[in-house]
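Written out below as structure tokens is the structure these notes cover.
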Amino acid sequence: MNDISTHDSGGLDKGPPESRSAGGRIAEFLLRRPESTIALVAIALAIYFTLATDVFLTTPNIRVISQYLIAPAILAAGQVMLLICGEIDLSLGNVYFMTPFLVFFGMEAGLPLPVALMVGILGAGVVGFINGSITIRFGVPSFIATLGMGFVINGLTLTISDGFPKRAPSSGVAANILGLTGFSGLMWVLIVVAVMHIVLTQTRWGVHTIATGGNRIAANEAGVPTRKIRMRNFILAACLAGFAGVLEGIRVGSFDPGAGVASGKVFEAVAAAVIGGTALLGGSGTVLGAFLGALVLAILRDGFVLQGISAFTYSMVLGAAIILAMILNSVALKARIRSQSFKT
Amino acid sequence: MTETTDPKRSIVRAESIGKRYGPVVALRDVSLRLAPGEVLGLIGDNGAGKSTLIKILTGFHQPDEGKIYINEEETVLRSVSHARELGIETVYQDLALINQLPVYLNMNLNKEKLRRPVRFLDKKAMREQATVHLADMGVRIPSVDTEVGYLSGGQRQAVAIARAVYSDARVILLDEPLAAMGAKESAIIIDLILELRQRGEVSMVMIAHNFAQILEVCDRVNLLQHGRITYDTNVDDTSIRELTDLVSAEYRGRGIRSDEPE
């Protein structure tokens, strides 16, 4: 498995080799690798909270951070693939809350948890497929298609659950692996991020995802199956969202219909991706960056709790972080254009 | 108008191609022949059907009428991928490159080399081959790792053409390769086309508006007007003056041609 803590994106985006001063080169590296900047931010925040509080670097607290990380990091790993190929799925938060109920009813029907999980993820995948179909077949912008689908899924979840939480499986090997024990959630986060990082940087699927979002007409003309790529990413993102929902439900011990909070889930994932350097216009972004974005948000949230700062402030900081990240992205873009026009 | 007996062997031959988009007739009864190693210039006013013809030859559009022969064999070009399999590559006006991908991945787009047994990208092989290939064709760029978005317009166009050659194309279709390019940028492309013509391994069809450039790099010129090929000549038998007169003649004095229904 790849070491996901490095900044290697497999040579997908190496800078122009002609070098200027050392400072210029470092500036260029930071410009070209938004993940490196966000990694520095994460480290700086970790150091700050370690010094400012006594308990930041303790096992229980790291477990708390890992718990904050599960949902946004896994949701973002799927969302970032969609963003890179030029789409977005706003219904992921609702799929996240719907899937545990599919698992619940599967288990009610006598299925063992792993099989019920498969059923749930299949159900999530169907939602992704419908989203993809509406977007690709009918040309409805995914922003709109998935916005509508989000409401549909929310209503569906409330209907099948009667609006009440259900008990999540609380014993057994499968439940232990699927989020119940200690760091099992974090383990899944790392697995998902590592696998998606490899998919994006080392496979044709990844290259074609970038090509589809970067210049869809050109990708089509080169024979890249852009419809298939987009469809696959819709299905993938929905399956990951469903999986994250089940992990989180098992961890907290109950499957919640999530009335009214689903949009928060999805926007947190988008925020993680954007803070990690993903452009919403398609063509650029990394799984690693999205993970680091989610990590920064988790560290901030945890650190604020430790310092007794209210959740209201966290929300303000989250908002400011998104805006700041976008400003930095657009400044970086301008700098790139300028550095380009200086050549030739 | 049947022209079935062609004495010269052709690599691509289109016969009586017709294409309409709804009520708009883009091409009518277009026949075109491309000999191995030949560079054919395609000229004509905007809307004459040049791009439509190119898109039919590249499998992007299907003709409503007519036949296409590849190596004198009747062929239905089902898709761009199918045309590529048969060695027909296109370099489009809107540049079929992905700015966010490095040069070597663009060179291999949709033809990525994969490792075995796990089918990961073989980046090392793709980089090396792209480097060798670009150097061989005299295309100069900073590095194959450079994202295409960082290259100049001429470099990008050169990479696009080199990509076509790189993928063992026997026929390259160039849709305005010199549009919106300065003298220096154009020179890069003209040199590249001349180099390829001298080697004679690929045939090319090139759409362009600059007749001086057409006469410099092409062997033969076809003029498209109102979806028809109205003039076919060797470059040695024509001049910028003649081509200019032919293209603009219909607007000078003759008015709109009354023999055209519509």
Side-chain angles (χ1 to χ4, degrees), chain A residues 2 8-19 28 31-33 84-86 197-226 228-229 278-279 281-286 333 336-344, chain B residues 55 58-60 79-85 89-106 108-115 118-124 126-127 141-155 160 163-164 167 175 182 184-185 188:
Chain A
N2 251 18
D8 176 48
S9 69
L12 265 180
D13 38 25
K14 291 241 173 70
E18 58 218 73
S19 51
E28 177 145 321
L31 272 182
R32 304 294 316 285
R33 294 286 186 86
I84 293 169
C85 77
H197 175 70
I198 291 169
V199 166
L200 181 60
T201 61
Q202 304 296 331
T203 70
R204 295 186 82 191
W205 179 358
V207 172
H208 289 179
T209 296
I210 297 169
T212 300
N215 185 347
R216 196 193 300 168
I217 295 169
N220 268 331
E221 283 168 354
V224 171
T226 56
K228 201 159 94 185
I229 293 291
T278 300
L281 297 171
S284 64
T286 60
L333 185 70
R336 284 168 79 155
I337 292 167
R338 222 177 303 128
S339 76
Q340 190 188 331
S341 59
F342 273 129
K343 280 172 210 160
T344 59
Chain B
K55 286 190 169 169
T58 195
F60 198 76
S79 64
V80 176
S81 306
H82 182 217
R84 285 180 119 195
E85 276 166 35
E89 288 277 343
T90 317
V91 178
Y92 278 108
Q93 218 166 338
D94 37 29
L95 276 180
L97 296 179
I98 314 297
N99 283 345
Q100 292 87 347
L101 287 174
V103 170
Y104 77 93
L105 281 176
N106 267 289
N108 288 281
L109 189 59
N110 205 28
K111 292 190 172 180
E112 294 85 0
K113 291 183 174 54
L114 299 172
R115 286 197 303 239
V118 189
R119 289 157 58 79
F120 285 155
L121 299 171
D122 193 345
K123 294 183 176 180
K124 191 163 168 266
M126 288 192 279
R127 270 197 198 102
I141 52 163
S143 149
V144 292
D145 283 327
T146 310
E147 274 177 42
V148 164
Y150 287 83
L151 299 177
S152 72
Q155 288 172 328
R163 175 173 76 175
S167 47
D175 193 347
K184 183 183 164 193
E185 302 286 292
I188 297 173

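Here is how names work: the chains are called A, B, and so on, in the same order as the sequence lines, proteins then strands, and each is numbered from 1.
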By salt bridge (Lys or Arg N to Asp or Glu O under 4.0 Å), B/Lys124 pairs with (sequence neighbours left out) B/Glu128
Can you confirm if the NZ or CZ of B/Arg127 lies within 45° of the ring axis of B/Tyr104 and under 6.0 Å from the centre of its six-membered ring?
yes
Okay, B/Phe60 and chain A: the region with an atom under 4.5 Å from a heavy atom over there is side chain
Return the set of residues passing side chain to side chain donor-acceptor pair (under 3.5 Å) with A/Asn220 (not counting sequence neighbours), or none when no residue passes.
A/Thr226
Rounded to the nearest 0.5 Å, what separation is found between the CG atom of B/Leu105 and the CG atom of B/Asp145?
9.0 Å
Using non-hydrogen atoms only, which part of B/Ile141 is less than 4.5 Å away from chain A: side chain, backbone, both, or neither?
neither
Region of B/Thr90 in contact with chain A, defined by heavy-atom distances below 4.5 Å
neither
